[in-house]
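The first residue in the sequence is number 1, and the count goes up from there.
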Amino acid sequence: MGAGGGERLMEWSWEYFWDSVPLLLEGLLVTVELTVLGSLLAYVLGLVFALVRRARIPVVSQLMYLFIELVRSTPLLIQVFVIFYLLWPALDIRPSAFLTGVIALGIHYGTYTAEVYRAGIEAIPKGQWEAATALSIPRSRVWTGIILPQAVPRVTPALGNYMISMFKETPLLISIGIFEVLNQAKEQGAETFQVLEPYTLAGILFLLISFPSSILVRRLERRVGQL
C-alpha cells in the first residue's frame with residue numbers, strides 16, 4: 001500500500017463512523033449474549049466446583065483441585081482451541097461456535113468463581129455449622145437453608161467483577177469465527193480498508209458497558225460491606 005493508502009487509513013470520517021454503528025451493534029448483542037450465558041454457566045459450575053472441592057472423599061476433592069488449577073493456569077484462548085478443535089471432533093459432535101464460546105467461558109470463569117464461593121463459605125462462622133450439627137439438621141438443608149443464603153450475597157460483587165472481565169475477553173472468540181463486536185469491526189475494516197472508525201467504535205461500545213458496570217459493582221461492594 002502506498003503513502004496515499006496509508007493516509008486514507010488514518011483519515012477520520014464521521015459518516016463512515018455512523019454507518020458502522022448498526023453492524024457493530026449486532027456484534028455487541030452477540031457479545032452481551034455470550035457474556036450473560038457464559039456468566040450464568042460460570043456461576044452454576046463455580047458453585048458445583050466449590051462444593052465438590054469440599055467433598056469428604058479426599059481423592060474427589062484433590063481431583064477437583066487439580067482441575068481448577070489446570071484451567072486457571074492456562075490461557076482461555078488455548079482452552080477455546082482445545083474444546084473446538086480437539087474435544088468436539090474426538091467426541092464426534094459439532095456444536096456451534098457460539099455454544100462452544102459459552103461453554104469455554106463458563107468453564108474458565110467457573111474455576112475462578114469456585115474460589116469466590118469457597119471464600120464465602122469459609123467466612124461463615126463455625127458456630128453455625130456446629131449448631132446445625134447439634135440440632136441434627138440434614139446436611140442438604142444446612143447448605144440450602146443456612147450456608148448458601150449467607151455466603152452467596154457476600155460474594156455477589158466479586159461475581160459481578162468476573163462478569164465484567166468475561167465481557168472484555170469475549171473478543172478472544174474471534175479465533176473460532178464468532179461475530180462479536182470486535183470481529184464485526186475487523187470485517188468492516190477489511191471490506192472498506194478503513195479500520196480507524198470501526199475499531200474506535202468497538203472500543204467505545206466496550207467502554208459504555210464495562211465502565212458503568214464497574215461503578216455498579218463498586219456500589220454493590222459498599223452495600224454488601226455494610227451488611
Side-chain angles (χ1 to χ4, degrees), residues 29 31-74 76 79 83 98-170 209-227:
L29 177 61
T31 299
V32 171
E33 290 174 345
L34 285 166
T35 303
V36 172
L37 295 176
S39 295
L40 292 175
L41 181 59
Y43 297 157
V44 173
L45 289 178
L47 183 56
V48 172
F49 293 162
L51 296 179
V52 174
R53 181 72 179 83
R54 293 177 59 89
R56 295 179 176 181
I57 305 175
V59 64
V60 173
S61 177
Q62 288 301 313
L63 286 174
M64 189 76 262
Y65 169 76
L66 291 175
F67 174 77
I68 290 174
E69 291 304 312
L70 173 65
V71 174
R72 285 164 56 97
S73 300
T74 54
L76 172 60
Q79 295 163 21
I83 294 173
F98 182 89
L99 179 59
T100 300
V102 171
I103 292 174
L105 290 169
I107 293 175
H108 182 81
Y109 279 92
T111 59
Y112 287 93
T113 59
E115 294 302 299
V116 172
Y117 284 122
R118 186 174 66 86
I121 291 170
E122 292 181 352
I124 303 299
K126 292 183 179 180
Q128 297 196 29
W129 294 92
E130 296 169 352
T133 302
L135 294 171
S136 299
I137 299 175
R139 189 169 181 82
S140 60
R141 178 58 181 166
V142 173
W143 279 105
T144 59
I146 301 175
I147 304 303
L148 293 181
Q150 296 182 76
V152 172
R154 296 182 180 184
V155 301
T156 299
L159 297 178
N161 281 325
Y162 280 121
M163 175 181 279
I164 296 172
S165 296
M166 183 185 296
F167 174 73
K168 293 185 291 185
E169 283 207 86
T170 53
I209 291 184
S210 59
F211 182 65
S213 300
S214 299
I215 294 175
L216 290 175
V217 169
R218 285 198 294 271
R219 289 182 177 178
L220 184 59
E221 286 177 347
R222 290 195 294 268
R223 179 170 296 183
V224 171
Q226 295 171 356
L227 296 178

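Summarising the local packing, CZ of R219 is surrounded by 12 or fewer heavy atoms from other residues, nucleotides or ligands at distances under 6.0 Å. Around atom CZ of R72, more than 12 heavy atoms belonging to other residues, nucleotides or ligands sit under 6.0 Å away.
Counting only heavy atoms from C-beta outward, the side chains of L45 and T113 never approach each other to under 4.5 Å. Taking the side chain as every heavy atom from C-beta outward, I209 and V32 approach each other to under 4.5 Å. Looking only at side-chain heavy atoms (C-beta outward), M163 and V217 stay at 4.5 Å or farther from each other.
Taking both residues in full, the closest heavy atoms of M166 and A42 are given as CE-CB, 4.2 Å, listed atom of the first, atom of the second, then distance. Pairing each heavy atom of E169 with each of L76, the nearest pair is OE1-CD2, 4.1 Å. Across every non-hydrogen atom of P153 and P157, the tightest pair is O-CD, 4.0 Å. In terms of heavy-atom proximity, S61 sits nearest to A55 at CB-O, 4.0 Å. The minimum heavy-atom distance linking A114 with A50 is given by the pair O-CB, 3.6 Å.
Note on R218 versus E221: no salt bridge recorded, every NZ/NE/NH1/NH2 to OD/OE distance being 4.0 Å or above.
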Exercise for review: Could you go through the side-chain contact (heavy atoms from CB on, under 4.5 Å) check for L105 and L41 one step at a time?
Suggested key: CA-CA 8 Å; L105 290 169; L41 181 59; over 6 Å; no
Point to revise | Derivation and outcome, ring pair (Phe, Tyr, Trp, His ring centres under 6.0 Å), residues Y117 and F49 | key: CA-CA 9 Å; Y117 284 122; F49 293 162; over 10 Å; no
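Note that CD of E122 and CD of E115 are 8.5 Å apart. Values are rounded to the nearest 0.5 Å. The distance from atom CH2 of W143 to atom CD1 of I137, rounded to the nearest 0.5 Å, is 14.0 Å. Put simply, OH on Y162 and OH on Y109 are 8.5 Å apart, with the number rounded to the nearest 0.5 Å. Residue I57 holds its CD1 atom at 14.0 Å from CE of M64, rounded to the nearest 0.5 Å. To the nearest 0.5 angstrom, L66 atom CG is 10.5 Å from S73 atom OG. To the nearest 0.5 Å, atom CG of residue L34 and atom OG of residue S39 are 10.0 Å apart.
Put simply, the residue from I121, V152, L159, N161 that forms a side chain to side chain contact (heavy atoms under 4.5 Å, CB included) with V116 is L159.
Remark: the backbone N or O of H108 is paired with a side-chain donor or acceptor of T111 at under 3.5 angstrom.
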